Amino acid sequence: MSVVDTNQRMVIFGECMVELRSTQRESSVSIRDENTDNNLMAKSFAGDTYNTAVYLKRCLPSSSISYLTAIGADFLSDELLFKMGEHEINTDLVFRSSSRNLGLYMIRNDNEGERTFAYWRNQSAATQTLNIMNGAEFACDWFYLSGISIAILDDEQRATLFELISSLKAKGSKIAFDPNYRARLWSSQEDAKYWTGKAYAEADLAFPGADDHLMLFGHTNADEIFSYLADKQIEEIVMKNGAVGVHILRQQEQCIVPVERVEQVVDTTAAGDAFNGGYMAARLAGRKPVESASYGAKVAATVITYPGAIISGDAFTNHIPSL
């Protein structure tokens, strides 16, 4: 990952949704009374690449982060814009639709913090982002996207997205990609393999996950993943492998960075997203890959000890020093 300066601009593309989560488990760890409402829900805003944007900005306040997406004209979309402002995420590439709105998802967590999702996104404006932006141009130092960013688009918009990526690369932009495979978003596994491979081929920095590659490609270890990626000419590969650690391959040199065990996991929703944000922030700040992986792992370890995808700013800064 080339480092220019901490002020370089990153554009992050994807979908931010309304997040609803039950407060039952949160209240269960504190004193509860007989009037506790087990059906009470907490509302916030989240989405895989949006989470990464927020955590990257928190880790590296001097960075310039723009979020590329489409939202509605409803009051929830207005609230999201206000929240982006609070997080100091630039909204110059947030487009608005008069006929669509924000998607919504609900999280249910088990006692180990593992999550199950329910989604309502058929009318999500973000699924029409490339159509709504209608060829709008922009420049950036880095462009980050995920497999979810691609999966929510139709094939015509996917083609337009890769034309945009080619145009950005021709202007000198670098591409960062996380496959973040979600089977339900794709029409078929073969479709997912095709577009994921196409994104990898454009990437300068990639964040393959062991679980994603097992589900999508059947890869069972780091060697198989690195072998698959060998002809993609990716400058820096950062493979996330849970408690096993982070495998880094850069300039033909490979290493494993151990991660600390988290004793009390509350919610793993944004673990990978938070890691990516922390890792990219550290690299942009001039840290080497191993140090960046340790920093990203600490960000992720902090986030999963709190409920929801985006933890409070105070909780974050109490644990994570900014770069």
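Because the structure is predicted, anything quoted here is derived from the model rather than measured.
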### Query
Does K57 use its side chain to pair, donor to acceptor, with the backbone of P61 at less than 3.5 Å?
yes
### Query
Counting only N and O atoms by type, is there a donor-acceptor contact under 3.5 Å from the side chain of Q157 to the main-chain atoms of T127?
yes
### Query
Can you list every pair that meets side-chain hydrogen bond (donor to acceptor under 3.5 Å, both in side chains) and has a residue in residues 67-77, with sequence neighbours left out?
T49-Y67, D74-S77
### Heavy atoms from other residues, nucleotides or ligands near CD of E86 exceed 12 (cutoff 6.0 Å)
yes
### Task
Check whether any side-chain heavy atom of L153 lies under 4.5 Å from a side-chain heavy atom of Q128, and answer yes or no.
no
### Query
Is it true that a side-chain atom of S63 and a backbone atom of I65 form a donor plus acceptor pair closer than 3.5 Å?
no
### Query
Any chain of hydrophobic side-chain contacts (each under 4.5 Å) joining W186 to L214?
no
### Task
Find out if a path of hydrophobic residues (ILVMFWY) with successive side-chain heavy-atom gaps under 4.5 Å connects F82 to L104.
no
### Query
Would you say T160's side chain and E156's backbone share a donor-acceptor pair under 3.5 angstrom?
yes
### Task
Fit a plane to each ring of Y119 and Y105, take the angle between them on a 0 to 90° scale, and name the class: parallel (under 30°), tilted (30 to 60°) or perpendicular (over 60°).
tilted
### Message
Out of the candidates E291, E236, R287, only one should pair with Y279 under the side-chain hydrogen bond (donor to acceptor under 3.5 Å, both in side chains) rule; please name it.
### Response
E236
### Message
In this structure, would V11 and V54 fall into the same cluster of hydrophobic residues linked by side-chain contacts under 4.5 Å?
### Response
no
### Task
Answer with yes or no whether the side chains of T269 and D267 bring together a donor and an acceptor at under 3.5 Å.
yes
### Query
Is any side-chain heavy atom of F217 less than 4.5 Å from a side-chain heavy atom of D212?
no
### Query
So K193 and E190, salt bridge (Lys or Arg N to Asp or Glu O under 4.0 Å) or not? Walk me through it.
CA-CA 5 Å; K193 286 180 178 179; E190 290 307 310; 3.6 Å; yes
### Query
Passes side chain to side chain donor-acceptor pair (under 3.5 Å), S64 versus Q8? Steps please.
CA-CA 6 Å; S64 174; Q8 58 186 308; over 6 Å; no
### Task
Cation-pi check, K198 to F162: give yes when NZ or CZ is under 6.0 Å from the six-membered ring centre and within 45° of the ring axis, no otherwise.
yes
#### Entry: Heavy-atom donor-acceptor pair, T196 side chain to A192 backbone, under 3.5 Å
yes
### Task
With salt bridge (Lys or Arg N to Asp or Glu O under 4.0 Å) as the test, would you mind laying out the steps for K169 and E202 before giving the verdict?
CA-CA 9 Å; K169 292 189 72 171; E202 299 291 348; 3.4 Å; yes
### Task
Please check if atom CD in Q254 has more than 12 non-hydrogen atoms from other residues, nucleotides or ligands closer than 6.0 Å.
yes
### Task
On the 0 to 90° scale, with breaks at 30° and 60°, tag the H219-Y228 ring pair as parallel, tilted or perpendicular.
tilted
#### Entry: Backbone of I175 reached by a side-chain donor or acceptor of D204 within 3.5 Å
yes
### Message
Measuring only between side-chain heavy atoms, which start at C-beta, is L205 closer than 4.5 Å to W142?
### Response
yes
### Message
Do V246 and I248 make a side-chain contact, defined as non-hydrogen atoms from C-beta onward lying under 4.5 Å apart?
### Response
yes
### Task
Measure the shortest side-chain to side-chain distance between L102 and R121 over non-hydrogen atoms and say whether it is less than 4.5 angstrom.
no
### Message
Give me the atom names and distance for the closest heavy-atom approach of A125 to I132.
### Response
O-CD1, 3.9 Å
### Message
Looking at I320, is its backbone amide N or carbonyl O close enough to the side chain of R58 to form a donor-acceptor pair, meaning the two atoms are under 3.5 Å apart?
### Response
no
### Message
Which heavy atom of V259 sits nearest to which heavy atom of G242, and what is that distance?
### Response
CG2-O, 3.5 Å
### Task
State yes or no: do I12 and I165 share one hydrophobic cluster built from I, L, V, M, F, W and Y residues joined by side-chain heavy-atom distances below 4.5 Å, directly or via other members?
no
### Message
Run the salt bridge (Lys or Arg N to Asp or Glu O under 4.0 Å) test on R96 and D78 for me, step by step, so that the C-alpha distance in whole Å, both residues' side-chain angles and the decisive distance to 0.1 Å come before the verdict.
### Response
CA-CA 10 Å; R96 308 202 73 165; D78 290 339; 2.7 Å; yes
### Worked verdict on R9 versus D92 for salt bridge (Lys or Arg N to Asp or Glu O under 4.0 Å)
CA-CA 12 Å; R9 185 190 192 198; D92 54 310; 2.4 Å; yes
### Message
Between F117 and R182, is the side-chain contact (heavy atoms from CB on, under 4.5 Å) condition met? List the steps.
### Response
CA-CA 11 Å; F117 297 96; R182 298 293 181 270; 5.6 Å; no
### Residues, nucleotides or ligands: over 12 heavy atoms within 6.0 Å of K232 NZ
yes
#### Entry: Hydrophobic cluster identity match, Y55 and L68, side-chain contacts under 4.5 Å
no
### Message
A side-chain contact here means heavy atoms from C-beta on lying under 4.5 Å apart; do F138 and M133 qualify?
### Response
yes
#### Entry: D314 to T317 - nearest heavy-atom pair and separation
O-OG1, 3.2 Å
### N/O donor-acceptor pair under 3.5 Å between S292 side chain and K288 backbone
yes
### Message
I'd like to know if the side chain of S146 and the backbone of S149 have a donor-acceptor N/O pair within less than 3.5 Å.
### Response
yes
## Note on the structure
Those residues at least two apart in sequence (or on a different chain) that pass side chain to side chain donor-acceptor pair (under 3.5 Å) with E79 are K43
#### Entry: Min side-chain heavy-atom separation F45-M17 under 4.5 Å
no
### Query
Does any donor atom in the side chain of T305 or Q264 lie under 3.5 Å from an acceptor atom in the other side chain?
no
### Heavy-atom pair of closest approach, residues F207 and K240
O-CE, 3.8 Å
### Which atom of Q123 lies closest to which atom of S99, heavy atoms considered
OE1-O, 4.1 Å
### Summary
Closest non-hydrogen contact found for S66 with L93 is CB-CD1, 4.3 Å
### Message
Checking the side chain of S227 only, and the main-chain atoms of D223 only, is there a donor and an acceptor separated by less than 3.5 Å?
### Response
no
### Query
Just how far is it from atom OG1 of T129 to atom CD1 of I152, taken to the nearest 0.5 Å?
6.0 Å
#### Entry: Pairwise side-chain contact, M10 with F143, heavy-atom cut-off 4.5 Å (strictly under)
no
## Note on the structure
When rounded to the nearest 0.5 Å, the distance separating CG of N101 from CG of N122 is 10.5 Å
### With sequence neighbours excluded, residues passing salt bridge (charged side-chain N to carboxylate O under 4.0 Å, His left out) with D191
R158
### Query
Is the distance between the ring centroids of Y200 and F177 less than 6.0 Å?
yes
